[in-house]
Engineer: 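Have a look at this one before I ask anything.
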Amino acid sequence: MAGSRGRGRSQFSFSVDALGFGRGDSLPSSAHTPSPLYPPMQFRPVPLHTGEEVDYMLALKQELRASSKNLPFHIQAARTKTDVARYSDKYQNGETKNNCIEWSPDWSRMPKELCIKVRKPRKTVIGAKPQLTRKPKVAAGKEEALQKLETLEKREEEQHSEEEEDEEKKKQNEEEPDADEDYDEEELEDETDYIMSYFDNGEDFGADSEDNMDEAVY
Amino acid sequence: MTAQEVRLCGLLLQEHFGNVVEKVGTHLIRSGVLNLRALAHETKLPLDLVKKSLCVLVQHGMCTFGAGRRGPAGPVEYRINCEHVFHMLRYPRYIYTAKSLYGDTGELIVEEILQRGQMTMSSTVKTVADRLTHNMPEGQSMDYSEVVSVFSQLVETHFLQRCPPLASAGSSSSGAVDTPLPVATQPTEPENHPDCYKLPYINLTGQLLQSKHSSHTKKLFSGQPLCGDDGIYWQVNFQRFHLHFRDQAIISAVSCKLDQSSSEIVRTMLRMSEVTTPAHAAFTQALSANEIFRALLSSYNIARPILDQYLSLLVDDPMEFVGKTGDSGGGMYVVNLHRALANLARATLESVVQERFGSRSARIFRLLLRKRHLEQKQVEDFAMIPAKEAKDMLYKLLSENLVQLQEIPKTPDYAPSRTFYLYTVNQLPTARLLLQNCYKTVGNLIERRLYETKENKRLLEKSQRIEAILASLQATGAEAAQLTEVEEMITVPERQQLESLRHHINKLDSSENQVDETIFLLKSYINSTQASH
């Protein structure tokens with residue numbers, strides 16, 4: 001026990017010199033400011049682990065991060081167009097819309113109130129009948145002719161989109177799972193004979209960076 | 001939920017699922033439980049976005065829902081499971097473990113299920129077979145049955161489990177949730193479901209043909225009939241992975257402290273008691289020395305008397321990894337799991353103090369851990385450190401809250417002259433403090449990485465574009481001159497900058513993984529103390 005054995009109430013249980021300063025010495029200066037944000041370190045930190053296992057897990061982590069950005073679980077708010085509402089908006093391909101979900105969960109495992117429209121990518125199996133969301137006022141006789149025309153158009157569009165897809169695939173990660181073919185069949189939205197990919201409403205003129213120098217800009 | 005935990009959850013959600021889910025998730029963590037309308041109102045997000053975010057969170061098992069305070073008639077309430085969000089930090093470790101145990105197939109299965117939250121067996125098998133076939137050379141393809149066999153192995157060893165059915169009264173199948181949900185007191189543990197590890201019968205059509213047009217193959221399978229396991233979803237059993245990590249930590253600690261052969265003996269003991277020991281047990285089932293000898297692999301080449309010597313060495317070791325509980329069958333031995341975890345946590349704490357404050361402060365810290373309460377003079381004497389320096393170190397440790405001061409009064413009035421002041425270290429609160437520091441560290445690492453990426457965004461985008469151009473040029477067979485021309489679009493100083501950026505990001509990522517190992521150890525220790533109460 002570090003107590004002095006003296007009698008009397010003024011004796012403390014620790015001796016004065018155990019405190020670290022003697023009588024009459026000035027107390028160590030008190031801090032007036034909060035401690036610095038990056039206090040200087042006394043010792044350098046130990047280097048990180050190295051090895052095959054560590055490298056593999058590092059690569060895994062970076063791949064997971066990159067691929068999770070492309071999964072449908074990565075939710076982005078739909079960009080609100082602050083411009084004037086245009087006629088062509090109906091025909092533009094939808095980027096993410098707020099009111100549909102890009103993957104189809106099992107709704108029986110979720111509360112009913114979360115149910116939201118699932119955005120189906122249109123399937124484009126060659127030869128299968130296209131699903132027509134036609135208005136019923138089209139006469140029955142014309143429907144066959146229209147359908148033939150549309151299958152022809154779709155075949156053309158498919159080739160075009162397949163080329164685009166091949167290019168895209170090379171740019172993507174190897175580990176990424178195959179994304180659904182996700183282009184909308186814009187020309188089937190309403191009765192129009194024009195192929196949407198040929199239409200350019202001039203919004204992107206000059207706004208893009210000069211990357212895709214495929215076509216000359218006049 | 002501490003502030004650091006909430007911050008880390010937010011950063012992890014943002015990294016994987018984007019800003020919207022981050023906003024929804026953080027708000028829900030801070031508020032505890034909320035229903036849909038309140039959540040949409042308070043986060044000021046459109047209702048549809050909130051619905052989508054909740055769908056994502058429920059799909060990944062991070063959010064649970066149940067009937068709220070107003071009973072089954074009231075709105076559904078949601079709550080976030082923070083532990084599950086932290087598991088996202090450990091995904092690479094889970095995937096690597098699956099790879100080391102079950103090869104590439106196992107790795108891909110676990111990766112798919114982790115990324116998608118829950119999956120049916122048939123869709124997992126198809127996707128994994130797809131991916132494996134892509135990586136194989138031309139002409140070969142992956143057989144479904146191989147993938148199915150690896151899947152069943154994962155289920156048999158309990159690494160994968162069925163998702164628990166929704167707790168609707170009476171109905172065993174996962175029907176539509178029109179029936180009122182019971183009050184969300186306790187979420188149904190997946191282990192309570194009797195069919196938790198039962199494989200469903202599925203029929204998948206033969207082999208996946210590899211063809212050059214992968215999109216073409218997809219179309220062939222798109223119209224397939226149901227595979228017979230609809231509604232049965234599988235998820236990763238994190239607890240089982242954690243037990244595996246815990247065993248690995250104990251084995252490596254034994255091999256560091258003693259030697260390789262004793263670690264092999266402990267590995268055998270742990271392997272034998274994998275299925276018989278419940279998850280939160282303090283020690284494994286008792287194993288007799290005869291059983292251990294029979295179960296030892298012959299490659300270790302340990303004779304019976306040597307085994308006995310090793311076992312007695314392990315029992316006598318002060319770390320107390322192995323204990324002797326009886327003498328029948330040549331001696332009954334158990335592995336002391338909780339004590340091993342406590343020792344590992346203690347070693348972590350000591351190492352932290354040593355690296356931050358020096359070996360002499362670490363000596364004081366270890367002294368206080370062992371002797372519990374000491375006065376200042378006693379500390380100086382036992383640690384054999386001169387008084388002035390000991391004082392300095394003690395006060396520094398005290399200011400960092402690693403050491404606490406305990407006052408013991410002699411008289412009812414706490415007069416300083418008549419009070420003992422004793423220094424002490426409590427392992428459990430200190431471990432909690434360090435755990436919070438770890439969460440803060442990981443949060444800082446992530447933020448720094450985001451900052452570095454943002455600073456160099458332009459450069460990164462440019463390099464990605466150049467790579468894409470190079471790849472497309474190479475695919476269409478361009479000449480070497482064209483390729484070099486494109487490569488030169490990145491100047492040399494830019495290349496150096498890119499190189500140093502990659503180096504920094506790799507370092508930050510690697511640090512995250514390493515801090516996560518410490519988090520795992522400390523969390524297991526803290527959970528083990530709670531379980532025993």
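Numbered from 1 within each chain, the chains take letters A, B, ... in sequence-line order. Quantities reported herein were computed from a predicted structural model and do not represent experimental measurements.
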Engineer: Any idea how A/Y56 and B/Y96 line up, ring-wise: parallel (<30°), tilted (30 to 60°), or perpendicular (>60°)?
Structural biologist: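 Ring orientation, 0 to 90° scale: tilted.
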Engineer: Can you check whether A/W103 reaches B/Q59 side chain to side chain, under 4.5 Å on heavy atoms?
Structural biologist: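 Of all side-chain heavy-atom pairs linking B/Q59 with A/W103, at least one is under 4.5 Å.
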Engineer: Can you pull the salt bridge (Lys or Arg N to Asp or Glu O under 4.0 Å) pairs that have at least one residue in residues 46-61 of chain A, sequence neighbours excluded?
Structural biologist: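 Listed by first then second residue: A/K61-B/E512.
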Engineer: Between B/G358 and A/F43, what is the shortest heavy-atom contact and its length?
Structural biologist: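 Heavy atoms of B/G358 and A/F43 come nearest at N-CE1, 3.3 Å.
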Engineer: Return the minimal non-hydrogen interatomic distance between A/F73 and B/R116, and the atom names on each side.
Structural biologist: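 Scanning both residues, the minimum pair turns out to be CE1-CA, 3.8 Å.
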Engineer: I need the residue from B/C55, B/S53, B/S510, B/P46 with the largest number of non-hydrogen atom pairs under 4.5 Å to chain A.
Structural biologist: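 Ranked by contacts with chain A, first place is B/C55.
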Engineer: Could you go step by step and tell me if A/Q62 and B/N506 meet the side-chain contact (heavy atoms from CB on, under 4.5 Å) rule?
Structural biologist: CA-CA 9 Å; A/Q62 290 176 338; B/N506 284 350; 2.8 Å; yes
Engineer: In chain order, what residues pass the ring pair (Phe, Tyr, Trp, His ring centres under 6.0 Å) check against B/Y78, with sequence neighbours excluded?
Structural biologist: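 Result, ring pair (Phe, Tyr, Trp, His ring centres under 6.0 Å) vs B/Y78: none returned.
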Engineer: Does any part of the side chain of A/D106, heavy atoms only, come nearer than 4.5 Å to the side chain of B/Q118, both counted from C-beta?
Structural biologist: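 No - every pair of side-chain heavy atoms lies 4.5 Å or more apart.
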Engineer: Please check if the side chain of B/Q514 supplies one atom and the backbone of A/H49 the other of a donor-acceptor pair under 3.5 Å.
Structural biologist: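 Between the backbone of A/H49 and the side chain of B/Q514 there is a qualifying donor-acceptor contact (under 3.5 Å).
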Engineer: What are the two closest non-hydrogen atoms of B/P92 and A/M57, and how far apart are they?
Structural biologist: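 The pair with the smallest heavy-atom distance is CB-O, 3.7 Å.
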Engineer: Out of curiosity, A/R65 CZ to B/R449 CZ, how far, rounded to the nearest 0.5 Å?
Structural biologist: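 Going from CZ on A/R65 over to CZ on B/R449, the span is 3.5 Å.
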Engineer: Please rank B/V21, B/L47, B/N19, B/L49 by heavy-atom pairs under 4.5 Å with chain A and give me the top one.
Structural biologist: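 Sorted descending by pairs with chain A, the first entry is B/L49.
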Engineer: Which bit of B/E467 comes within less than 4.5 Å of chain A, counting heavy atoms only: side chain, backbone, both or neither?
Structural biologist: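 No part of B/E467 comes within 4.5 Å of chain A.
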Engineer: Are there over 12 heavy-atom neighbours, none belonging to B/K99, within less than 6.0 Å of that residue's NZ?
Structural biologist: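 Yes, NZ of B/K99 has more than 12 neighbouring heavy atoms, counting only those of other groups under 6.0 Å.
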Engineer: In terms of heavy-atom pairs under 4.5 Å, which option from A/L114, A/V46, A/L60, A/L64 contacts chain B the most?
Structural biologist: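 Answer, by heavy-atom pair count under 4.5 Å with chain B: A/L114.
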Engineer: With chain A, which of B/L114, B/V50, B/L36 has the greatest number of heavy-atom pairs at distances under 4.5 Å?
Structural biologist: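 Ranked by contacts with chain A, first place is B/L36.
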Engineer: Would one find more than 12 heavy atoms of other residues, nucleotides or ligands at under 6.0 Å from atom NZ of A/K69?
Structural biologist: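 Count over threshold, so yes.
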Engineer: If you take all heavy atoms of B/K51 and A/E113, which pair is closest and at what distance?
Structural biologist: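 Reported closest heavy-atom pair: CE-O, 3.4 Å.
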Engineer: Closest approach of B/Q115 and A/S68, non-hydrogen atoms and distance?
Structural biologist: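 Taking every non-hydrogen atom into account, NE2-N, 4.1 Å.
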Engineer: If you apply the rule side-chain contact (heavy atoms from CB on, under 4.5 Å), what do you find for B/V76 with A/K112, and how did you get there?
Structural biologist: CA-CA 9 Å; B/V76 177; A/K112 227 164 80 138; over 6 Å; no
Engineer: Top residue by heavy-atom pair count (under 4.5 Å) with chain B, among A/L58, A/I116, A/V54?
Structural biologist: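 Between A/L58, A/I116, A/V54, the count favours A/L58.
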